[in-house]
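These notes are about the structure you will find just below.
Whatever order the structure lists ligands and atoms in, that order sets their numbers, starting from 1. Remember, it's a predicted structure, so these values are computed and weren't measured experimentally. Only this structure's heavy atoms are used, side chains among them; waters, hydrogens and symmetry mates stay out.
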Amino acid sequence: MKRIAVLTSGGDAPGMNAAIRAVVRCGIAAGFEVYGVNHGYNGLIAGLFRQMGPRDVSGIIQAGGTVLGSSRSEEFETEPGRERAVKNLTGRKIDALVVIGGNGSQTGAYLLNEMGFPTVGIASTIDNDLYGTDQSIGVDTALNIALEAIDRLKVTASSHQRAHIVETMGRDHGYLALMSGIAGGAEHIIIPEVETTPDKIGAVIKKTYDSGKSHCLIVAAEGADWNAERILAHFRGKPELGFSLRATILGHVQRGGAPTAFDRLLATRLGMAAVDQLTEGKSGILLGLACGEIKTIPLAEVKNHKKTLDLKILAAAEKLAI
Ligand SMILES: Nc1ncnc2c1ncn2[C@@H]1O[C@H](COP(=O)(O)OP(=O)(O)O)[C@@H](O)[C@H]1O
Ligand SMILES: O=P(O)(O)OC[C@H]1O[C@](O)(COP(=O)(O)O)[C@@H](O)[C@@H]1O
Ligand SMILES: [Mg+2]
């Protein structure tokens, strides 16, 4: 194997740059020529390749986002799109591809590998919804950004005797909401995995008010049926809750931060491991974290499983909030 390529795909995640850097530098150290693909799968289809040297990844370990750019590519979801992608790879005599991305991207990586093009994945998404890894690149940073926002919002909620809803990202997965809620000492956490009703939410707010607290901080996942907008609309103009209500949707703010030490280290370890696997001629696998160790798991297995959330800690959240 002589030439490898690397791309970032799906939502950008803080730490992607550290992973690119590790793939480029360790790849070169292992004797490969390394190519970067700009703009994810769209760039793969359009042929946006460039050879990368050690200096092309200088000064990026501390930067959020991805220097290669990313995309959501509808064309790659079609067979002709993927065929064009493989043609571009083989046309440049590239022997293997590293895909840094989340669950959608790794399904794409699986399909490329099935088409006979050796592909390995690196787990990267702020949502932590990718099966096969305890934690993905970007999760720790996003969590810390959400936490900082929660801490700030709690202060103003307290000053004004308000209930404040903070909405986190995560698609249909509640990890970011659950963990930032626990770490932020939220009075209530609403996630897609657990059904709720406006009556339950109202009861928590009223109970919190009656307990003498000066605020009620609610963290709601964007994918929950009762997200910030819906809760706000439902309770608008209802003084019987005690607290008046405000809401903040954190949105893309959670994705844009400089990566934490944890994410830089995880990304570096995963990038190094991806190169090691390619050196050994392995492909069709995802590099992820299991019990603190870097592990491989077949992409086929990743694609066929949905990551579940351990809900034990949610029950504890209620006790912690009394
Ligand atoms: N089922 C699929 N088949 C082929 N390609 C896919 C599939 N799902 C996602 N992809 C590709 O991966 C890209 C990124 O996936 P997406 O779900 O948006 O982000 P993430 O990888 O971060 O979860 C998509 O835009 C698409 O090009
Ligand atoms: O940036 P976009 O395209 O608006 O997408 C927003 C989505 O991307 C995410 O930030 C990350 O999701 P992915 O890792 O699946 O790309 C989600 O939490 C959010 O729902
Ligand atoms: Mg995803």
Checklist entry - Where is the nearest protein heavy atom to atom 3 (N) of ligand 1: which residue, which atom, and how far? => result Leu111 CD1, 3.4 Å
Checklist entry - Can you tell me how far the CG atom of Asp310 sits from the CG atom of Leu178, to the nearest 0.5 Å? => result 8.5 Å
Next on the checklist: Using 0.5 Å steps for rounding, measure from the CG atom of Leu314 to the CD1 atom of Ile191.
Outcome noted: 5.0 Å
Checklist entry - ligand 1 and Gly104, any nitrogen or oxygen pair closer than 3.5 angstrom? => result yes
Checklist entry - In terms of side-chain geometry, is the basic nitrogen of Arg82 or Glu75 positioned less than 4.0 Å from the acidic oxygen of its partner? => result no
Next on the checklist: Any nitrogen or oxygen of Glu74 lying under 3.5 Å from a nitrogen or oxygen in ligand 1? Just yes or no.
Outcome noted: no
Next on the checklist: Test your reading of the model: is there a side-chain donor-acceptor pair from Lys154 to the backbone of Gly184, 3.5 Å cut-off?
Outcome noted: yes
Item to check | Short N or O distance, Ser105 and ligand 1, threshold 3.5 Å exclusive | outcome: yes
Next on the checklist: Taking 2.8 Å as the distance threshold, tell me the number of protein N/O/S atoms next to the Mg ion (ligand 3).
Outcome noted: 1
Item to check | Test log, rule side chain to side chain contact (heavy atoms under 4.5 Å, CB included), inputs Tyr41 and Leu112 | outcome: CA-CA 11 Å; Tyr41 289 139; Leu112 286 176; 4.2 Å; yes
Checklist outcome for this item: Of Ser73, Ser9, Gly10, the one whose closest heavy atom lies nearest atom 27 (O) of ligand 1 is Ser73
Checklist entry - Can you find an N/O atom of Gly102 closer than 3.5 Å to an N/O atom of ligand 1? => result yes
Item to check | Atoms in ligand 1 with a heavy atom of Arg82 nearer than 4.0 Å | outcome: 4 (C)
Checklist entry - Can you check salt bridge (charged side-chain N to carboxylate O under 4.0 Å, His left out) on Lys282 and Glu280, steps first, answer last? => result CA-CA 6 Å; Lys282 306 257 176 61; Glu280 289 175 25; 2.9 Å; yes
Next on the checklist: Would Tyr35 and Phe49 count as a ring-ring contact (aromatic ring centres under 6.0 Å, His included) here? Give the steps.
Outcome noted: CA-CA 6 Å; Tyr35 287 75; Phe49 293 73; 7.1 Å; no
Item to check | Step-by-step salt bridge (charged side-chain N to carboxylate O under 4.0 Å, His left out) determination, Asp56 to Arg25 | outcome: CA-CA 10 Å; Asp56 292 317; Arg25 291 196 175 162; over 6 Å; no
Checklist entry - Is the shortest distance from a Lys or Arg side-chain nitrogen in Lys213 or Glu187 to a carboxylate oxygen in the other one below 4.0 Å? => result yes
Item to check | Close-contact set for ligand 1 against Arg72 heavy atoms, below 4.0 Å | outcome: 16 (P), 18 (O), 19 (O), 25 (O)
Checklist outcome for this item: CZ (Arg21) and CZ (Arg264) are apart, to the nearest 0.5 Å, by 10.0 Å
Checklist entry - After noting the C-alpha distance and the side-chain angles of Arg255 and Asp12, does the key distance pass the salt bridge (charged side-chain N to carboxylate O under 4.0 Å, His left out) rule? => result CA-CA 7 Å; Arg255 282 217 320 240; Asp12 63 344; 2.7 Å; yes
Next on the checklist: Pairing donors with acceptors under 3.5 angstrom, does anything connect the side chains of Asp140 and Thr260?
Outcome noted: yes
Item to check | Protein heavy-atom partner closest to atom 1 (N) of ligand 1 - residue, atom, separation in Å | outcome: Thr107 CG2, 3.5 Å
Hey, what polar pairs (N/O, under 3.5 Å) does ligand 2 make with protein?
| unit_1 | atom_1 | unit_2 | atom_2 | d |
| --- | --- | --- | --- | --- |
| ligand 2 | 1 (O) | His252 | NE2 | 2.9 |
| ligand 2 | 1 (O) | Arg255 | NH1 | 2.9 |
| ligand 2 | 1 (O) | Arg255 | NH2 | 2.9 |
| ligand 2 | 3 (O) | Arg72 | NE | 2.8 |
| ligand 2 | 3 (O) | Arg72 | NH2 | 3.3 |
| ligand 2 | 4 (O) | His252 | NE2 | 3.1 |
| ligand 2 | 5 (O) | Arg72 | NH2 | 3.1 |
| ligand 2 | 8 (O) | Arg72 | NH2 | 3.1 |
| ligand 2 | 8 (O) | Arg255 | NH1 | 3.0 |
| ligand 2 | 10 (O) | Arg255 | NH1 | 2.8 |
| ligand 2 | 12 (O) | Asp127 | OD2 | 2.9 |
| ligand 2 | 12 (O) | Arg171 | NE | 3.4 |
| ligand 2 | 14 (O) | Thr125 | OG1 | 2.6 |
| ligand 2 | 15 (O) | Arg171 | NE | 2.9 |
| ligand 2 | 15 (O) | Arg171 | NH2 | 3.4 |
| ligand 2 | 16 (O) | Gly11 | N | 2.7 |
| ligand 2 | 16 (O) | Arg72 | NH1 | 2.9 |
| ligand 2 | 16 (O) | Arg72 | NH2 | 3.1 |
| ligand 2 | 18 (O) | Asp127 | OD1 | 2.6 |
| ligand 2 | 18 (O) | Asp127 | OD2 | 3.4 |
| ligand 2 | 18 (O) | Gly170 | N | 3.0 |
| ligand 2 | 20 (O) | Glu222 | OE2 | 2.5 |

Checklist outcome for this item: Between Ser9 and Met16 the two heavy atoms that sit nearest each other are O-CE, 3.8 Å
Checklist entry - If you measure every N/O of Asn103 against every N/O of ligand 1, is any gap under 3.5 Å? => result yes
Next on the checklist: With heavy-atom distances below 4.0 Å as the criterion, list the atoms of ligand 1 near Gly11.
Outcome noted: 22 (O)
Item to check | Spacing of CG belonging to Asp134 relative to CG belonging to Leu266, to within rounding of 0.5 Å | outcome: 10.0 Å
Next on the checklist: Between His39 and Ser70, is there a side-chain donor-acceptor contact under 3.5 Å, judged purely by atom types and distance?
Outcome noted: no
